[in-house]
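Reading through the structure tokens given below for one structure.
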Amino acid sequence: MTSTPTLLSCALVLALAAPAKAGDSRFQVSGGLVVNQGNAVDLTGKTTGGYTLELGARFNPKGFGPGILVYAGYAHMPAATGTDERPTFELSGTRLGADLLFRPWDGVPLTLSTGPSVHVWKGTQRGGDPSLYPADNHLKAGWRLGLGYDFTKDWSATLHYTFTEWRSNSDIDLAATNPSRPAYFSLMATYRF
């Protein structure tokens, strides 16, 4: 998909343009498992089996308060076997986002995070008539919330909850062909360098 290099390029440009001299900055790579929630389960027919990968740049501007994480990522959610009566969709998507990072307790290595994101989803249909379920590959808005734990200054684990749009067409029946808000939990390990 041509959007993947575009999103990764945007993340790199944003990372390099950030005020690194105003505080410390680090790059990070993350990967982990996905647990489908909400309409992501409706689309895929599965709860588990997915994975996610992410590249990011983390900044701690002096005098700003929270840290900032700018990231680009990819998520893949496999589909259960679809039938003519009940098609399923394998979901894969790229994302670009920015989180604010809060350390609410001194001396406790917990980080709370939240922020907006944009997603480009690709749904590969399994079963059913493909003409009835057109793909919607436009930019979709999203938001995520996270809780992270730092094991060391370089290694951490984070649990995120991400919810996004899928389709915006209110003329299509939500229960049948238009799940509109796929959501998922992701449990990721992160290495910062």
Side-chain angles (χ1 to χ4, degrees), residues 4 7-12 14-16 18-20 22-41 43-44 46-62 64-79 90-122 140-165 181-193:
T4 302
L7 290 177
L8 292 175
S9 299
C10 290
L12 181 60
L14 288 173
L16 295 175
D24 66 298
S25 62
R26 297 184 78 184
F27 291 99
Q28 67 181 44
V29 60
S30 305
L33 303 175
V34 168
V35 178
N36 301 342
Q37 298 290 304
N39 294 139
V41 175
L43 285 161
T44 63
K46 293 182 76 168
T47 304
T48 59
Y51 65 90
T52 184
L53 303 169
E54 190 171 284
L55 298 172
R58 190 173 180 145
F59 306 98
N60 293 303
K62 290 181 182 174
F64 181 67
I68 299 169
L69 171 64
V70 178
Y71 62 89
Y74 173 81
H76 178 78
M77 301 174 197
E90 180 177 285
L91 294 180
S92 58
T94 54
R95 66 184 178 273
L96 176 65
D99 287 345
L100 292 177
L101 309 172
F102 300 92
R103 299 290 299 257
W105 303 285
D106 290 336
V108 179
L110 289 177
T111 302
L112 304 176
S113 61
T114 186
S117 53
V118 292
H119 301 256
V120 178
W121 288 109
K122 179 183 178 200
K140 299 296 177 182
W143 197 273
R144 79 175 182 180
L145 305 167
L147 174 64
Y149 183 83
D150 292 336
F151 296 104
T152 68
K153 73 174 200 141
D154 296 330
W155 287 97
S156 64
T158 307
L159 176 66
H160 284 114
Y161 177 71
T162 304
F163 51 96
T164 71
E165 296 177 294
R181 294 176 193 86
Y184 58 94
F185 282 103
S186 56
L187 180 60
M188 294 194 290
T190 299
Y191 177 72
R192 292 186 286 273
F193 54 95

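In this text the structure is predicted, and so the values were computed from the model without any measurement.
Looking only at distances, a side-chain donor or acceptor of T44 sits under 3.5 Å from a matching main-chain atom of K46. With hydrogens and angles ignored, the 3.5 Å screen pairs a side-chain donor or acceptor of E165 with a backbone N or O of A141. T52 places a side-chain N or O within donor-acceptor distance of the main-chain N or O of Y74, the cut-off being under 3.5 Å. Between the side chain of N39 and the backbone N or O of R181, at least one donor-acceptor pair lies under 3.5 Å. Looking only at distances, no side-chain donor or acceptor of R58 sits under 3.5 Å from a matching main-chain atom of F27. The closest donor-acceptor contact from the side chain of R192 to the backbone of R26 lies at 3.5 Å or more, if one exists at all.
With rounding to the nearest 0.5 angstrom, the CG atom of L100 is 9.0 Å from the OG atom of S113. Atoms CG and CZ, from L69 and F59 in turn, are 9.0 Å apart once rounded to the nearest 0.5 Å. Rounding to the nearest 0.5 Å places OG1 of T114 at 4.5 Å from CG of L145.
Shown here for Y71 and S117, the closest heavy-atom pair between the two residues is OH-CB, 3.5 Å. Closest approach of L53 and G31 over heavy atoms only: CD2-CA, 4.1 Å. Taking all atoms of both residues into account, the shortest heavy-atom contact from A40 to A183 is CB-O, 3.3 Å. Minimum interatomic distance between N60 and G67 (heavy atoms only, all atoms of both residues): OD1-CA, 3.5 Å.
In terms of the side-chain contact (heavy atoms from CB on, under 4.5 Å) criterion, T48 has no residue partners (sequence neighbours excluded). Applying the salt bridge (Lys or Arg N to Asp or Glu O under 4.0 Å) criterion to R144, with sequence neighbours excluded, gives E54, D99. By the ring pair (Phe, Tyr, Trp, His ring centres under 6.0 Å) test, F102 is found to be paired with no residue, residues two or more places apart in sequence or in another chain being considered.
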inquiry  = What verdict does the side chain to side chain contact (heavy atoms under 4.5 Å, CB included) test give for T164 and R95, after you've listed the backbone C-alpha separation in whole Å, the side-chain angles of each residue and the deciding distance to 0.1 Å?
reply    = CA-CA 10 Å; T164 71; R95 66 184 178 273; over 6 Å; no
ask   = Does the pair F193 and D154 meet the rule for a side chain to side chain contact (heavy atoms under 4.5 Å, CB included), with working shown?
value = CA-CA 7 Å; F193 54 95; D154 296 330; over 6 Å; no
message = side chain to side chain contact (heavy atoms under 4.5 Å, CB included), that's the test. Do L147 and L112 meet it? Break it down for me.
response = CA-CA 5 Å; L147 174 64; L112 304 176; 3.4 Å; yes
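Of the residues listed (F185, W143, Y184), the one engaging Y161 in a ring pair (Phe, Tyr, Trp, His ring centres under 6.0 Å) is F185, and it is the only one.
Residues S156 and M188 have side chains not in contact (no heavy-atom distance under 4.5 Å, counting atoms from C-beta outward). Residues L43 and P182 are in side-chain contact: their nearest non-hydrogen atoms beyond the backbone lie under 4.5 Å apart.
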